[in-house]
> 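One structure, pasted below without further comment.
Nothing here was measured: the structure is a model prediction, and the numbers come from that model. Reminder, nothing fancy here: chain letters follow the sequence lines and each chain counts from 1.
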Amino acid sequence: MAEAILSARGLTKRFGALEASRDVSLDLRAGEIHALIGPNGAGKSTLIAQLAGSLRPDAGEVRLAGRDVSALGVAARARLGLGRTFQVSALAMEDTVLQNAILGALGARGRAPSPFGRALARGRLRDTAEAALARVGLGECAGQRAGSLSHGQRRLLEIAVALTLAPRVFVMDEPMAGLDGEAALSLRALLDGLRHEAPILLVEHDMDAVFALADRISVLVEGAIIATGTVAEIRADPAVRRAYLGEEG
Amino acid sequence: MSREGWFNLALAGLLVAFPLAAQAMDEPFLVTLATRAVILALAGVGLNLALGLGGLVSLGHAAFFGIGGYAMGILASHAQGYTPLAEWPLLIEGTKSMPVIWLVAVATSGLAALAIGALSLRTSGVYFIMITLAFGQMFFYFAISWPAYGGEDGLSIYVRNGFPGVNTLVPLPFYGLCLAVLALALMLCWQIARSPFGLALNAARQSAKRAETVGLSPYRLRLAAFTLSGAITGLAGALHADLNRFVSPAMLSWQTSGEIIVFVILGGTARLFGPVAGAGVFVALEHLLGELSDFWHIWLGLLLLAVVLFARGGVVGLVCGERRHG
């Protein structure tokens, strides 16, 4: 079995009486796409936030590449190789596509930029950014403002920015949301290829994409993982069918 | 060159030509007026770094302006009175040397900005505005109740401080000195805006979440920008005090903070020459309308209202259009 690059053990998070995460344990292994599915309100976003460091769990730990990162924030986890994309694009919309990608490459250097640093010219940052944009097919749009991109292109730019970090793992929150037809298919092909660079934890509602891409699936219901397995195992799991896939008995 | 580039060049040309023309017409008062505009522009350039690039609406920049002013006032008053600032454990004398005064002004206002920023940048939005205002007022009331340096009456010096090789007592050379400092500050800001730091700061302004997700700390970026911003505004304060040969708690008042914000908004937020245009318009209005009525601020208020409602990019935006990217 491949080693776990990102793992969660016993994550628990309460908001008052609501237990949004209940003793969640999860592994993301090298080379895999691990899909996290569950009905709305199951606690997927809360779980992702705990993995990425934007939410502190009440109990449990998160390990990234063998290191306990439970006490670290978002920026520190990103520097350790956690590349995240958002459900609602969080880009610098006034900046160009290239500038957004350079920002990722800048963060990947691991040290804070100095106000007296050299002006951005052609250099390694720019090369890394351009390579990432070319990889997702946005090379032609480098000079455009991020705010002028279509919904699908913004999704691709999110992934390109994550790519510039040369991440150890990707955590992607519904990258397919709002995409259909050609755009969804090309993004699916992109994700399929990315898994070999870094494993992907994929939160997704598009079940066709999940079944086509995922090596393993974990099903989250009411804050707890009720099943983890291959696509075939999950499809056959009666508890999953009852709780999530909407089938009776 | 872009339209904004040409505009900036024209404005720079005006900054050189106007005082020369005023001198040729034997109007030294206009040179002094231009000097005031250049110094206020420098204060605005400082704030623009935090406000324009970093999105930090500071209502406490008068504190840095005033600290710079008092750095000049305190050092010069000790020098003119031949009394040391301190005798133990080190003998610290006053000075009439502008370079030394500027260094002290930059260091003290920068340190104050670092301390104020470290606390206030833990908040955002209206809370940040209120905390910076509160810090500004703290310094204001401290200056009022500090009898050693004039208290409410302020502090006068008899003769303007000196700069090696420049006769600062004559309006035109002093103007040239202030213009050179402004030019250096503009070059620094131009460089910063094009540096990786500027890119990261600007991105953190648009989306703090984005900056964090790529491993950058918005807090550190903003603190660095706020510190530099305070230091530049402090330098402007030292020059302003030297221009008037007078420093008073009024430099630290929240109205001064408001005026520095007005320079930036009037000229164009986040535009390199925005504060220069804004301070120029402000000083011109103050002079022209001030002659007509004591209530000229009403007209300034209406102009500001028009800018905010119809010309968000300020004077620079109005002339040059929307900001270019990339």
Side-chain angles (χ1 to χ4, degrees), chain A residues 52-54 73-86 88-121 123 125-126 129 142-148 157-158 161-162 164-165 167 171, chain B residues 46 49-50 52-55 110 113-114 117 184-185 187-232 269-272 312-313 322-326:
Chain A
S54 51
V74 175
R77 291 187 201 193
R79 286 195 291 272
L80 287 173
L82 193 145
R84 185 184 183 189
T85 70
F86 293 95
V88 178
S89 295
L91 298 163
M93 295 298 184
E94 295 172 18
D95 287 349
T96 64
V97 168
L98 181 64
Q99 284 173 323
N100 270 277
I102 288 176
L103 188 71
L106 186 59
R109 295 196 310 187
R111 60 176 193 275
S114 156
F116 307 106
R118 280 190 309 149
L120 282 169
L125 286 177
R126 198 172 168 131
Q144 266 179 254
R145 273 177 63 172
S148 71
L157 180 53
E158 286 257 354
V161 175
T164 59
L165 289 168
V171 175
Chain B
L49 195 58
L53 211 54
L114 179 69
L184 283 176
M187 278 164 63
L188 177 68
C189 290
W190 183 81
Q191 196 279 139
I192 286 175
R194 270 147 195 80
S195 70
F197 174 82
L199 178 76
L201 179 65
N202 193 28
R205 173 183 63 80
Q206 297 168 62
S207 170
K209 196 160 82 168
R210 166 48 59 206
E212 278 192 308
T213 309
V214 297
L216 297 165
S217 160
Y219 175 79
R220 282 190 189 179
L221 292 165
R222 289 169 182 158
L223 185 57
F226 194 76
T227 304
L228 264 176
S229 164
I232 294 174
T269 312
R271 314 296 282 252
L272 183 65
R312 289 277 176 91
E322 206 182 334
R323 199 152 67 98
R324 282 175 74 241
H325 297 265

> For A:Asp95 and B:Leu199, which heavy atoms make the closest approach, and how far apart are they?
OD2-CD1, 4.2 Å
> More than 12 heavy atoms of other residues, nucleotides or ligands under 6.0 Å from CZ of B:Arg220: is that the case?
no
> B:Leu228 versus chain A, heavy atoms under 4.5 Å apart: side chain, backbone, both or neither?
side chain
> Given a strict heavy-atom distance threshold of 4.5 Å, which part of A:Leu91 is in contact with chain B: side chain, backbone, both, or neither?
both
> For B:Leu216 and A:Leu103: C-alpha separation, side-chain torsions, deciding distance, then whether side-chain contact (heavy atoms from CB on, under 4.5 Å) applies.
CA-CA 9 Å; B:Leu216 297 165; A:Leu103 188 71; 3.7 Å; yes
> Heavy-atom pairs under 4.5 Å with chain B - which of A:Pro113, A:Ala108, A:Gly53, A:Pro115 has more of them than the others?
A:Pro115
> What part of B:Leu188 is in contact with chain A, defined as an atom under 4.5 angstrom from a non-hydrogen atom: side chain, backbone, both or neither?
side chain
> Where do A:Gln99 and B:Asn202 land on the side-chain contact (heavy atoms from CB on, under 4.5 Å) test, with the steps shown first?
CA-CA 10 Å; A:Gln99 284 173 323; B:Asn202 193 28; over 6 Å; no
> Please give me the minimum heavy-atom distance between B:Gly215 and A:Ala78, naming the atom from each residue.
N-CB, 3.5 Å
> Which atoms of B:Ala224 are under 4.5 Å from chain A, going by heavy atoms: the side chain, the backbone, both sets, or neither?
side chain
> Is B:Gln206 close to chain A through its backbone or its side chain, or both, or neither, when contacts mean heavy atoms under 4.5 Å?
side chain
> Against chain A, label B:Ser207 side chain, backbone, both or neither, depending on which of its atoms sit under 4.5 Å from a heavy atom there.
side chain
> Counting only heavy atoms closer than 4.5 Å, note whether A:Phe86 contacts chain B via side chain, backbone, both or neither.
side chain
> Relative to chain A, which segment of B:Leu49 carries a heavy atom at a distance below 4.5 Å: side chain, backbone, both, or neither?
neither
> Nearest 0.5 angstrom please: B:Arg210 CZ to A:Met93 CE, how far?
9.0 Å
